Every structure is written in C-alpha cells, then in structure tokens.
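What follows is a single structure, and I will ask about it in a moment.
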There are 2 protein chains.
Amino acid sequence: MNIDRNSAIVNMNTREKILETAERLFAERGFEATSLRHITTEAGVNLAAVNYHFGSKEGLLREVLKNRIVPMNESRQILLEKSRFQSQDGVVSLERIYEAFLRPFFNIGAPGGDSNGLFLRMLGRISSEKPGFMKGLYQEHFKEIQELFVAAIGEAQPELSREEIHWKFHFALSLMLGSMIQRQRLKFSSNGYCDPDDIEGLIQHLIEFICAGFRSAGQPKSNFKFAGIQP
Amino acid sequence: MNIDRNSAIVNMNTREKILETAERLFAERGFEATSLRHITTEAGVNLAAVNYHFGSKEGLLREVLKNRIVPMNESRQILLEKSRFQSQDGVVSLERIYEAFLRPFFNIGAPGGDSNGLFLRMLGRISSEKPGFMKGLYQEHFKEIQELFVAAIGEAQPELSREEIHWKFHFALSLMLGSMIQRQRLKFSSNGYCDPDDIEGLIQHLIEFICAGFRSAGQPKSNFKFAGIQP
DNA sequence: ACTTATTTTAAACGTTTGTTTCAATAAAAA
DNA sequence: TTTTTATTGAAACAAACGTTTAAAATAAGT
C-alpha cells in the first residue's frame, strides 16, 4: 500500500480516502484513464467500496468535482461583492471582475493554489470527454455564478450588447480552460521565453488579454473589412 | 455493414476505408472511446487490417491527423504570403495574420468547412488526453508554422517583447482549441444570444478578441494595480 | 446481551479492449 | 507457370474494465 506520500490519509474514513485519492488520480491521468482498481489500491480500501459509497464511478466523479467547485464559486461571489463594496459607485472595473473570477479558479485544489493545475486540466478534459455530463454540471454549479458575473460585466461595459457579452464571456472561459489544458505545450513551444509554472504571471497576462478582448467590441462588425480569401 | 451513408467508400482500398472511417469516429467519439472493432466493422474491413496497415491504433491516429494537419498548414502559409504580397510594405496587419491562421483551422475536414468542428474538438481532446503524443505532433507539424507566424506578429507589433508574443500566441491558440472544445457549452449558456453553429461569426469574433489581446500589451505590467485580494 | 443496520471483504461476473497468430487468398515477379 | 510477396480472414490471446454478489465483520440501537 503506497500511501506514504500522504500519511494523513490513514486518519480518514473510507469515503474520504477514496475522494482524496480519486481527485489526485483523476487530475493526473484523466477520468477514463483512471481505473477504480487504481484508486482503491492506492487509497488502501476495497474495490467494492466505491460502488457502495458513490453508486458508480461517475457518481464518484460528481462528488469530487462538487467538493472543489462549490467553494470556488463561493470565493468568486465574495470577491466580487468585496470589489463592489470597495468601488465608489458600485460599478466594478473589468479587471476587478475577472480577478474575482480567475483567482479562485487558479486557487482551486490546494490552500496555496494548485500550482500544477491538474484539477483544472481535468475539468477541461471532462468537458471534452463527456459533454452531457458537463451540461448537468453547468446547470447545477455554474449557471448562477455566470449570471452574476455577466451582469457585473454589463454594468462595467454598458455599450456591449447581450450577444457580444456572451461571446466574450464564452471566449474568456474557453481561454481559461484551454490555457490550462495546453499549458504543457507552452513549455516546449515558447523557446524558454515563458514560464508555464508562473501562475501569478499567467493570471496577470490572462486578465490583461481578456479585458482587452472585452473592450474591443465597441466598433460594429461591418467596420472591419475581411479579406474574404478562401484557402 | 452500415456504409450506406457514404457509398463512395466502396471504391476505396482497405487502407483508405480505414482512414476515412477512423477520422469520422475519432472526431465524433474521441480516440480512446472509439474501438478498432467499431472502425473496422463500419468500414467493412477485417479487424487485423488496422495493425497490418498502421502498426497500431496510435499509428492510425498519427496518420489521420497528418492527413488533415499538413494541408491546413500549407493553406496557412499560402494565405500569409498572399497577404504579405498584397500589403504595401510587406508588413501584414494582425487581423490578416490571424485570418490566415484561423480560416484553414476552421476549414479543416471538409471542402466547405467542417461545420460541426468535430475534428477540432478531437484535436483539443487529444492534447489533453495524450500530452506526450501532442509534443511529438508539435515538433513534426506545428513548430515551423508557428515560427513563421510569430515572426509575422513581431513585424506587425514591433513593440511587443518575445515573452509577450509567446504568451499571447499561446493564449490565442488555447482560445482557438478551447472555444471548439467548449462550443457545446455555448448552446445552453448563452441563453440563445449566440449561435454556436455560426462559424463565420465565430471566426470574426475570435479575430477581434485575439487582436485586441495582442494590442493590449503596450503598457508594462507595473502600471496595472492588482487588488492583491486572496480568497 | 441481543438485534438491527452499516460497512468491509474476497471472489466472480460478463464485457470489452488492442494485439497476435497462422492459414487462405490475391497480386506481382521470375 | 512457378515462385515470391502482399494482403485478407477467422479465431484466439491475455489483460483490463466497472459492477454485482453474498458472506463476514463492525457499529449502533434497544
């Protein structure tokens, strides 16, 4: 039983041991690639315990995600309210809005932040592996917080149409997840110019990039002449 | 044998039948979720034919990807050169650069464009499922074209440092793949404001968003005061 | 102490997976 | 034609998967 790397696991009950180990393995190897036998062996519990406590492998995944997503979204809401309170007229700047949205996202997983970003990579993986599952997850955990932040963005950038806000919000979210999924790539594609492990730098660059994207929407589309070239 | 939906498949040899069917199934269901038996049954060939012609399942994937990526990157290069030729001083605008980079990306898969974006979703999936595999793919197929476009961007935005260019380029690429992976999400999260099937709209919004991100990098980071709040 | 409910255990279930084997067939070279 | 090479075919391989079962062990309630 290789549980030495986290000796605190011995003081947990079976359910907690499974949750702890599953989260780590799901993040490291993905959902499909992680077998229940791998989880239960590493957690030092019986194979059948997963189905007993969580019903199925997918039920386990649901619980693992819930335990991270709920506190993350609570943090987001608190940070946004705090920024609103600190502002003069109740209107929060785009930078503050996305700082409130991003920091709990990257702080997920560990108190000092999940510097490996494994959990976020898993989230991105699942959204491509199991779209139906992700839809349920959205309805349950993300719909509310999204409406909150979309409203805040609408106040910060009143000239944006609802359609444009949703496009940009979609882009920002896709970029957040995509940049975590693709983070490995940055290691060997930036020729050493960028450090993928510099999470603080990543956050700052992301905020800058995203806010610029939101502010670019003033001009109507017809102003931009496309080449219209076809490959 | 269900090959009716593409009756042209009967005029192909075994190798081509496998490639054709594998590409479609990989795109629809992902690499791991597609079994060789599914492919060979649908293609109407023997199970062992895959290992005979491609060595392994991964060899088949490599060939499927190669057949799409190589023409895509050729298109990109041609479009960039054309834009450079049409420009006055040889310096291409950011919009033209990313149009040359984006259009062949979304035109992948079918003559009229893979409107379902299944191939691109698969590409994003694989980059999260098999990082090691993706690294080899980058060295073989993407390194060269990236250097070409990074150089063009450097000419269009000379004030950008190499570090900033690589960050932004990484963001743009992550956004491209991420927005395809997450495209399903847009359906139910935009409250009907956005149409995820409007590829032309997606391209235009993407170009606008990305170019704004590139132009935002003038101001040094210290000019931007972060709240420094911790959740 | 006795009964009931909860949890853990070992074993097996039925499928599915990618790959290999080797004989049969088709195509090409001599 | 004969010989060699390339391709196809049916079958089996060994390994891995999530799930279920039913008995044993522990805990809780009375």
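Order of the sequence lines fixes the chain letters, A, B, ..., with proteins taken first and strands second; residue numbering starts at 1 for each chain. Just so it is clear, the values below take in all heavy atoms, side chains as well, and ignore hydrogens, waters and symmetry mates. On a predicted model such as this, the values are computed, not experimentally measured, just so you know.
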Ignoring the backbone of B:Ser35, work out which of C:dT17, D:dT19, C:dT19 is nearest its side chain. C:dT17
Check the distance between C:dG18's C1' and B:Ile39's CD1 and give it to me in whole angstrom. 11 Å
Output the rounded distance in Å from CG (A:Asn46) to P (D:dA25). 14 Å
Atom CG of B:Leu47 and atom P of C:dT20 are separated, to the nearest Å, by 12 Å
In whole angstrom, what separates B:Phe54's CZ from D:dA6's C1'? 15 Å
A:Leu36 has an atom CG; how far is it from atom P of C:dT15, in whole Å? 19 Å
Toward the 5' end of DNA chain D, which comes first, A:Gly55 or A:Ala33, by nearest nucleotide? A:Ala33
Which part of the nucleic acid, if any, lies within reach of B:Thr34 when heavy atoms closer than 4.0 Å are counted: base, sugar-phosphate only, or nothing? sugar-phosphate
Between B:Glu42 and B:Lys17, is there a salt bridge with N-O shorter than 4.0 Å? no
For the pair A:Arg62 and A:Glu58, find out whether any cationic side-chain nitrogen is under 4.0 Å from an anionic carboxylate oxygen. yes
Would you mind reading off the distance between A:Asn13 atom CG and D:dT26 atom C1', rounded to a whole angstrom? 14 Å
Gap between atoms CD and P, on B:Glu16 and D:dT8 respectively (whole Å): 11 Å
Can you tell if the side chain of B:Tyr138 reaches within under 4.5 Å of the side chain of B:Gln146, non-hydrogen atoms only? yes
Is A:Glu28 close to A:Leu25 at the side-chain level, that is, under 4.5 Å between some pair of heavy atoms? yes
Under 4.0 Å between a side-chain N or O of B:Thr14 and OP1 or OP2 of D:dT8? yes
Which of the following nucleotides, C:dT19, C:dT9, D:dG9, is nearest to the side chain of A:Ala48? C:dT9
Starting at the 5' end of DNA chain C, which residue's closest nucleotide do you reach first, A:Arg15 or B:His38? A:Arg15
Interatomic distance, B:Leu25 CG vs C:dT17 P [rounded to whole Å]: 12 Å
Determine: side-chain N/O of A:His53 to OP1/OP2 of C:dT8, distance under 4.0 Å, yes or no. yes
First of A:Arg37 and A:Tyr52 reached from the 5' end of DNA chain C, by closest nucleotide: A:Tyr52
May I ask you to decide if A:Arg162's main-chain N or O and A:His166's side chain share a donor-acceptor pair within less than 3.5 Å? yes
